[in-house]
Each structure stands twice: as structure tokens, then as C-alpha cells.
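Presented below is the structure to which this report refers.
Just so we're clear, the structure is a prediction, and the values are computed from it rather than from any experiment. Letters A, B, ... mirror the listed sequences (proteins, then strands); counts begin at 1.
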Amino acid sequence: MNEATDFVLFLGRFHPLIVHLPIGFLFFAFLLELYSKWKNSPALTSAIPLALLSGAISAALACILGYMLSQGGDYSEDTLDIHFWFGIATTIITFLAWLIRVEKINLPKLNNIKSNISLLTLIVVLLSITGHYGGNLTHGSGYLTKYAPFGKEKKHPLAPISKIEDAKVYSYLVNPILENKCTSCHNTDKKKGGLMLHDSISILKGGKNGDVLIAGNASKSELVRRVLLNPHHDDFMPPEGKTPLTEEEITILTYWINNANADFESNIGSIETPDQVLEIASNMLGLGSKKKGEVDLPTIGAIDDAVLNDILSEGFNLRELVYESNLYEVLLPPNTIAESNADQLDIKLQKLSKIKDHILWLYIENNQLNDSHMKLINQFQNLQKLVISKNHITDTGVLEIKNLSNLNSINLYKTSITKKSLEHFSKMENLKKVYAWQTKILEKDLEPFKSANLFEVIIAP
Amino acid sequence: MCDHHDILKSNNKDLQSVEKQIDRRHFLKKTSLGLGALALGSLLNTEKAWSSIGTPDSTEAILANYNKNRLGLPHHLPKAKRIIYLFQSGGPSQMDLFDYKPKLVDMFGQDLPKSVIGGQRLTGMSGSQSTLPIAPSVFNFKQYGESRAWVSELMPHLSEVVDDLCFMKGMQTDQINHTPAITFFQTGHQLPGRPSIGSWLSYGLGSDNENLPTFITLVSKNGKGQPLKASLWGNGFLPTEHQGVQFRSGKDPVLYLNNPDNYDGNDRKKMLDYLDKLNTIQHDAYGDPEIQARMTQYEMAYKMQTSVPEVTDTSDEPDHIFEMYGKDSRDAGTYAANCLMARKLLEKGVKFVQLYHQGWDQHLFCPGGLKNQCQKTDQGTAALIKDLKQRGMLDDTLVIWGGEFGRTVYSQGQLTDKNYGRDHHPKAFTMWMAGAGVKPGFSYGETDDFSYNVTKDPLHVHDFHATLLHLFGIDHERLTFKHQGRRYRLTDVHGHVVKDLLT
């Protein structure tokens with residue numbers, strides 16, 4: 001295809017403007033026909049020829065402008081072909097319909113109500129098909145049904161990953177950005193600048209202006225250079241009116257081209273990754289930023305409503321710690337259990353243990369908790385914080401804690417623990433804080449643990 | 001004009017029959033406004049149009065409350081679940097308290113170099129002075145704790161807990177005068193009308209104890225100096241139930257909670273239930289969220305009739321606690337007593353307690369004024385840290401200390417050996433945080449030899465807000481509220497989380 005002149009393209013861009021005229025005229029002609037028949041008012045039909053003629057002329061004009069636009073070569077050939085021929089067919093049939101109506105072509109057999117309606121129906125059908133393919137060209141083929149409530153299917157869902165190091169830079173980070181911000185104009189149907197960005201092959205192929213990528217040199221790569229331009233620059237991408245890339249997205253693209261040499265298979269773990277990128281990446285993948293010594297959040301399904309309701313009715317307060325993580329802070333308000341009916345706590349804890357893996361923070365302060373309950377609490381394996389102050393706990397109870405390897409802080413203020421508990425705590429890897437004010441632990445008991453710097457014990461201000 | 005012609009569209013059967021009747025005016029109105037009115041009506045009443053008919057039963061409502069937070073919060077695992085903000089109103093002098101500047105002694109009385117001021121516009125109070133004489137602090141500084149933090153002799157009690165504090169010495173604000181500066185600190189904007197920090201937290205995270213307000217403000221009694229106003233703990237455009245409730249100093253922390261004479265209060269609940277029904281009808285008809293807020297507030301007031309006397313009663317506190325907070329703590333309404341009260345409120349599940357202590361505005365007689373201020377506040381502040389720590393509450397409670405800006409190194413008014421005054425200074429000042437998720441025994445940010453410019457790690461108010469929200473599991477860019485056509489945040493379009501402050 002020869003390069004079209006700028007003037008032709010300039011005119012061609014009026015195609016989307018003009019193309020809506022025949023759509024309006026012809027639908028209106030169809031409507032008039034139906035309406036006049038329904039109301040039996042033949043007077044209305046006198047407007048139909050005019051509507052048909054206007055439709056035909058504007059359709060012809062739209063065809064010419066459309067052809068000019070197609071000279072730009074930004075569109076997929078197949079879809080374009082269909083759109084092109086259906087457009088021409090619509091135009092010709094409209095002209096014919098008009099000629100029949102005004103009896104320039106004298107076919108009385110065809111100029112009756114039945115055939116009139118069927119001809120107009122045909123025009124409307126053709127119009128719809130042409131319009132649909134035209135829409136596919138501008139917006140991409142999935143545009144119409146993307147948010148449809150039915151028939152949703154996720155193409156190639158990415159396998160969930162648990163470690164950020166395992167994520168492929170291209171498929172987990174770069175591709176989602178391109179899909180979000182670029183591929184609506186750079187896809188198989190609509191390839192602006194001859195460029196497609198929906199898969200690795202087409203990215204490597206580049207566009208009319210050459211390669212998009214120069215491995216190892218992001219600032220020279222069109223993919224990055226263009227998004228970094230002054231937004232008013234003609235070459236700036238995405239063009240005016242579309243959402244520009246965020247700083248984080250640009251950082252990821254730059255990182256991919258520079259650090260991963262724009263390789264499509266590299267993992268985050270296999271290449272040099274600055275902390276800043278790691279943070280952005282973990283946010284994008286919803287993995288949460290990780291620090292040394294920090295425990296990963298467990299993944300767990302939702303709690304059954306009936307179970308949850310049962311626990312709430314026992315007087316526990318629940319608060320979800322991260323939205324839709326199904327991980328909770330659970331608190332039994334102090335003094336819920338009186339000394340006289342201490343056995344009620346057994347029932348409550350039994351019920352609570354149904355969601356034991358969902359609980360990260362547990363507060364059972366001043367509620368007649370004793371050593372016998374600790375065996376059950378030991379099963380709450382995801383606990384990070386345990387507040388059981390002002391209860392009847394001794395070393396015996398503390399020694400029951402064996403499985404709580406994620407425990408970060410434990411509050412045993414106003415209980416009866418002694419230094420024996422400290423020895424037990426010193427074996428717990430992640431434990432950082434032990435609150436033990438008003439217990440039997442004395443200042444001198446802390447000495448052996450101070451040098452090891454294992455955890456902090458707070459016994460007095 | 002004619003309010004009785006407002007059209008009710010309630011879900012209540014008895015009222016529906018009344019609503020169906022059409023009188024003359026009504027008829028004319030309807031026919032003349034026709035379709036327009038219909039369209040407008042549906043616009044105004046969208047809340048009702050889209051809501052399901054009938055109210056969900058209570059179980060579902062409760063479950064919905066716990067299962068799904070409609071705001072999608074928290075965004076990440078929080079470190080803090082409650083906060084106490086000790087606001088030192090007036091602007092405490094950083095170089096007399098924490099920001100130790102020993103070189104100033106040799107420069108006593110010298111004019112502050114123009115290069116240091118850097119063309120900054122001074123206030124009208126000292127801007128016209130012929131000289132700006134450098135005034136070194138008259139107070140002695142020492143290093144304390146394992147963190148070797150510098151603290152002046154004015155704060156003997158706080159110096160005992162420096163290893164729990166995280167100093168921010170490069171604080172910066174945009175505002176140089178009290179009202180805009182304090183409003184900026186509390187709401188993220190210098191003009192009144194935006195929601196305060198506490199309101200945002202209440203809106204975003206909800207309540208942990210439905211018998212007490214989520215956000216409570218305590219102001220030290222007999223405060224002199226720059227006035228405080230309710231917009232500092234106001235809800236701005238957020239629903240009204242998120243505004244801070246001020247507990248007054250003295251016997252009656254909340255007015256009119258007691259039943260009037262000769263009324264036993266037994267049918268109060270019944271009365272409120274009927275009122276609730278009427279308000280529900282009203283809300284159904286107009287969809288005004290303020291009606292809902294009012295219902296919530298009535299309910300809260302009723303619950304506070306029992307919860308407030310309980311929580312404000314300090315008689316069961318042992319003597320050693322009072323001794324720790326200082327003798328002022330037995331005098332309700334003082335700063336020390338408020339610190340103690342704050343701890344009790346936090347224990348009960350109040351999320352945000354905001355203390356205000358006025359009088360830090362030492363334009364004149366700075367040394368004497370500071371001595372007086374510190375005597376009133378130092379012991380209470382330190383005791384609060386200790387008390388929270390020994391109870392294990394510092395683990396998930398954030399404590400913040402600071403004013404709205406700092407003070408100048410040069411003397412406002414006459415400088416003598418023993419006396420000087422200091423003017424407002426927004427470009428560098430000191431605050432500290434402690435507790436949940438912030439690095440203990442840490443100092444962030446540095447100033448030049450004059451404590452005038454930040455030389456390393458500046459920390460703007462917006463960054464402070466972003467970091468505060470981060471500690472509560474909130475991404476400051478994603479907690480928004482749409483008002484007058486755009487989405488607002490506490491940090492508006494600014495702010496960065498300062499990760500260096502976090503554990």
C-alpha cells in the first residue's frame with residue numbers, strides 16, 4: 001500500500017464523524033415505516049424517500065472517507081475488509097431502495113408495504129453489521145462485551161504465586177500494564193502506528209517507526225521514551241484523553257528493559273531488583289511488602305456466615321485486619337466472664353476455635369482464662385499477638401504454647417508467670433515482646449536473656 | 001414556603017395512604033412540572049430507588065458489618081489500633097527542648113545571617129525588628145537512654161523514656177500563624193472545613209466500642225493562649241457521627257447526660273425507639289445521611305449515660321498510678337488527669353483520643369513560660385508512655401507529641417542573659433511519636449546549627465499524615481470521600497509514607 005498523503009488522512013479522520021449520519025437517517029426511515037403502518041397514517045411515509053436519499057448520500061460520503069482513513073494502515077486487514085464491503089453493500093442497497101421508492105425504477109411489485117419493510121429491515125441489518133465491525137476496529141473486538149454480565153471468561157489466568165521472586169517480569173508485571181494502558185489501541189484489530197503490544201512476538205516486531213525496545217537501554221526504547229515525553233508532545237503516549245502511565249508503571253517498564261534486558265522469561269528473583277521495584281511489584285501482585293523477619297500473612301478462605309454469627313453471639317468482637325483477607329482481630333471484652341461462671345469461657349473458646357486459623361490478634365484480657373485453656377489456644381497457629389493479661393495463668397499454661405511460631409508479642413501482665421516462662425519464650429523464634437508487669441518475674445531474672453537480645457521483657461516502667 | 005407540601009414517600013403503610021392523596025396545590029405542581037419533576041425526583045431519591053424494600057434482619061446487618069467493609073479497609077495489616085495525640089498548641093520551642101544546638105552559645109546576640117533566613121518572609125511580629133539576635137537556649141541538655149537522645153533539663157520525666165520515642169526533628173509545615181497551622185495539622189488543609197484526622201480514622205475504620213465515641217477530644221482546663229475550636233476535631237464533609245466528641249474538664253465530662261430531676265429514665269429507651277421510627281420514615285423519604293447521623297448520635301448519647309460515668313471515674317486507680325502521673329492527676333481537667341483519662345478511654349476501645357494543651361506560644365519570656373509549661377505536662381506525658389508500656393498497650397497504641405510549628409532561633413524582643421522571646425517558625429521543628437509500629441529510640445531528620453533549616457530528611461505535615469494512616473493499615477491515597485464533585489483525602493494530592501520511621 002502506498003503511503004497516503006497527509007491530506008487524505010486528514011479527511012479520513014472525519015469518517016467517524018460522518019458515519020453516524022446514515023445510521024441515524026436509515027434507522028429513522030425504518031422507524032417511520034413501522035410507525036406509519038402501526039398508526040395507519042400513510043402521510044408519514046412521504047418522508048421516507050428523503051430519509052433514504054440523505055442516508056444513501058451520507059453513506060456514500062462515509063464510504064469514501066472511510067477508505068481514506070484505511071489508507072493510514074492502522075487497522076487489521078480482515079476486519080477492515082468486512083467493514084469495507086458491508087459498508088459498500090449498505091450504500092448500494094440504500095440507493096436502490098430509494099430508487100424503488102421514488103419509482104425511478106419501476107417495479108410496482110416491489111413497491112408495496114411488505115417489500116418496503118423487508119428492504120428497510122435488510123438495510124438496518126446491514127447497517128448493524130457494518131457498524132459492529134467498525135466499532136471493533138476503533139475499540140478492539142472485546143470492547144462491547146468486556147463488562148457483559150454473561151459469558152465472562154478469563155483468558156489465561158496467571159498462576160497464583162506466593163513468592164515475589166518467582167514472578168515473571170513480563171507476564172506478571174509488564175503485560176498487565178500494557179493491557180491496561182496500551183493494547184486498546186495497539187492490538188490485532190486496531191494497530192495504531194502499525195504496532196501491536198498484546199504478545200511477545202508482536203512487541204518484538206515493532207511498529208512503523210521501528211523497534212519499540214532496545215534491550216538494556218530504556219531511555220532509548222520507544223516504549224519508555226514516549227511515555228516520558230512532555231504530555232503535550234505529539235509523540236507522547238498514551239495520547240491525550242487516555243490515562244497516562246503512573247510513575248510506578250514507568251518504573252516497572254524501565255526495570256524490565258534495563259535490568260531484565262527486555263527478556264520475556266526472566267524472573268524477578270533471577271535479576272538484579274532494586275528495593276523500590278520490589279515494593280511496587282509486591283503491591284501490584286498483592287503480596288504485601290516484605291521485610292526481614294516479618295511473617296507472611298496466611299491465605300485462607302472465608303468464614304461461613306453461620307459460624308461467624310455464632311461466634312459474634314458469644315460476645316466476641318471481630319475486626320478484619322486486611323480487607324478480604326479473612327484474617328481477624330478477635331477481642332472478648334474484659335469482664336465478659338465473671339468469676340462465678342468461669343466455665344462459660346470453655347464453651348466460648350470451643351466455638352472460637354472453629355475459626356482458629358483466621359485469628360492473628362487475640363485479646364482475652366481479664367476473663368477467667370486459666371492454664372487449662374492454653375492447650376486450646378496453642379492450636380491458634382497463626383497468632384501474631386496474644387493478650388491474656390489479668391488472668392489466672394502460670395508457667396504450666398505458658399509451657400503449653402508450642403505451636404505458635406508466628407507469635408510476635410505476648411501480654412501476660414498481672415498473671416502468675418515466673419522466670420521459667422522466660423526460658424520457654426527464649427525458644428520462640430519470632431517472639432519480640434513479652435509484657436510481664438505485675439508477675440512473679442523479677443528484674444534479676446532478666447539478666448540471662450539480656451545479652452542474647454532475643455526479646456524484650458517489660459516488667460516495670 | 002409551604003413545607004407541609006413536601007411529598008413523603010415512606011415505607012410505612014399508614015403514611016402511604018396519606019401520601020397518595022393529592023390536593024389542589026399538589027395537583028398543579030405535579031401537572032405543571034410534569035416529567036421534569038419526575039426525572040428530578042428520581043435523581044434526588046436515588047438512594048431509595050436502588051435500595052431493597054424492607055430492612056435486612058439484624059443478623060445479616062451484623063454479619064455485613066464484619067464481613068465486608070464497604071470501603072475496602074484496611075488496605076494492609078495495621079500496626080496500630082488506637083492513637084493518642086498530645087497536641088501542644090502554640091508551637092513549643094524545639095531548640096529549648098529537644099533540638100540541641102551547642103554552637104549557638106558562641107553566637108549569642110549576633111544577628112542571624114541572611115543566608116540562613118534565605119529570603120523567608122517573617123511574621124509581622126518580628127519581621128520589622130532592626131536586628132534578629134541569636135538567642136541560645138538557657139537550658140542544659142543531656143543525653144539519655146541507650147539511644148543517647150538529647151533532652152533539655154525542662155523534661156526530666158520524659159528523658160526517662162527516650163528509648164521508647166521516635167523523634168522527628170525535621171518537621172515542616174506551610175503555615176506560620178496559629179489558626180491556619182493547627183487547622184492544617186489536624187485536617188490537612190489550612191482553612192477550616194475539612195475532616196480532622198480522627199474523623200477520617202473513624203470513617204475509615206469504624207468503632208471498637210459501640211458504647212463510646214470513636215474519637216474523643218480532651219482539652220486541658222484553664223488553658224490560656226491561642227484559642228481552640230471545634231473545627232479542629234470536626235467531621236468536615238464526612239457524616240456527622242465521625243466528629244470528635246469533646247469531654248469537658250471537670251465533673252461533667254459530657255453535659256446533659258444525667259437525667260433531669262424527678263425523672264427516673266426508665267422509659268428513655270422506649271422513647272428513643274419511637275423517635276428512631278419517625279426518623280427512619282424521614283430518612284426513607286429524603287435519604288439525607290444527616291438523619292442517620294442524628295439517629296446514631298441519639299443512640300450513642302443513650303449509651304453514654306452509663307458508659308461515660310464509668311470510664312471517667314478514676315477512683316479505682318491505685319495511688320501509685322496517680323503518683324506516676326503526678327499530683328495534678330488528681331485534679332480533673334489538668335493535662336496529667338487528661339493523660340490518665342486518655343489511657344482509660346483507650347483501654348475501653350476508643351480509637352482516637354486527642355489531647356490539647358495550650359500555652360506554648362512563647363513570643364516573650366520564653367524561658368519562664370517553657371518552665372511553666374513543662375512542669376504541667378512533662379510528668380503526665382512520660383507517665384502515659386510508661387503506663388501504656390507496662391500494660392502492653394504501647395504495642396498497638398500510637399502516641400504523638402507535637403505542636404503546629406516551631407520557634408525561631410532569634411529573639412523576638414529584647415535578648416538578655418536570662419530572657420528572650422521566640423517567634424513562630426514553620427521551616428523546622430521537632431515532634432515525636434512512640435508505640436505501635438514506629439522505631440523506638442530513633443531520631444529522624446536533622447537541622448542546621450541554628451535549628452532554622454532542615455538539612456537532612458525533611459518531614460512535611462502531609463508525610464506525617466500519610467505515615468500515620470499507614471500505621472493504621474490505610475493507604476492514604478485510597479481513603480477518599482467524594483464531596484462537591486471531587487474526591488478528597490486527608491493528604492489531598494500530597495504526602496509520602498516515611499518508611500524510615502517504621503519498624
Item to check | Check: A:S409 main-chain N/O paired with B:D395 side-chain donor or acceptor under 3.5 Å | outcome: no
Checklist outcome for this item: So CG of B:L71 and OH of A:Y323: to nearest 0.5 Å the spacing works out to 9.0 Å
Next on the checklist: How long is the straight-line distance from CD1 of A:I458 back to CG of B:L388, given to the nearest 0.5 Å?
Outcome noted: 12.5 Å
Neighbour count >12 (heavy atoms, 6.0 Å) for atom [atom1], [X]:
| X | atom1 | result |
| --- | --- | --- |
| B:K439 | NZ | yes |
| A:E447 | CD | yes |
| A:D275 | CG | no |
| A:K356 | NZ | yes |
| B:R487 | CZ | no |
| A:K419 | NZ | no |
| A:K440 | NZ | no |

Checklist entry - Using a cut-off of under 4.5 Å for heavy-atom pairs, which of B:K81, B:M393, B:H75 has the most such pairs with chain A? => result B:K81
Item to check | Greatest number of heavy atom pairs closer than 4.5 Å to chain B - which of A:I410, A:V434, A:N411, A:V387 | outcome: A:N411
Checklist entry - Of the backbone (N, CA, C, O) and the side chain (C-beta and beyond), which part of B:D208 lies under 4.5 Å from a heavy atom of chain A, both, or neither? => result both
Checklist entry - Under a 4.5 Å heavy-atom cut-off, does chain A meet the side chain of B:D475, its backbone, both or neither? => result neither
Item to check | Intermediate values then yes/no, side-chain contact (heavy atoms from CB on, under 4.5 Å), B:L77 and A:Q384 | outcome: CA-CA 11 Å; B:L77 190 67; A:Q384 295 186 2; 3.8 Å; yes
Can you say whether [X] sits under 4.5 Å from chain B via the side chain, the backbone, both, or neither, judging by heavy atoms?
| X | answer |
| --- | --- |
| A:K414 | neither |
| A:L331 | side chain |
| A:L360 | side chain |
| A:E329 | side chain |

Checklist entry - B:K499 versus A:E279: any side-chain heavy-atom pair under 4.5 Å? => result yes
Checklist entry - Which heavy atom in A:W437 sits nearest to a heavy atom in B:H320, and how many Å separate them? => result CZ2-CE1, 4.0 Å
Checklist entry - If every non-hydrogen atom of B:P78 is compared with every non-hydrogen atom of A:R319, which pair is closest and at what distance? => result CG-NH2, 4.4 Å
Checklist entry - With A:E247, which residues qualify under side chain to side chain contact (heavy atoms under 4.5 Å, CB included), at least two apart? => result none
Next on the checklist: Strictly below 4.0 Å, N to O, side chains only: are A:E456 and B:K389 in salt-bridge contact?
Outcome noted: yes
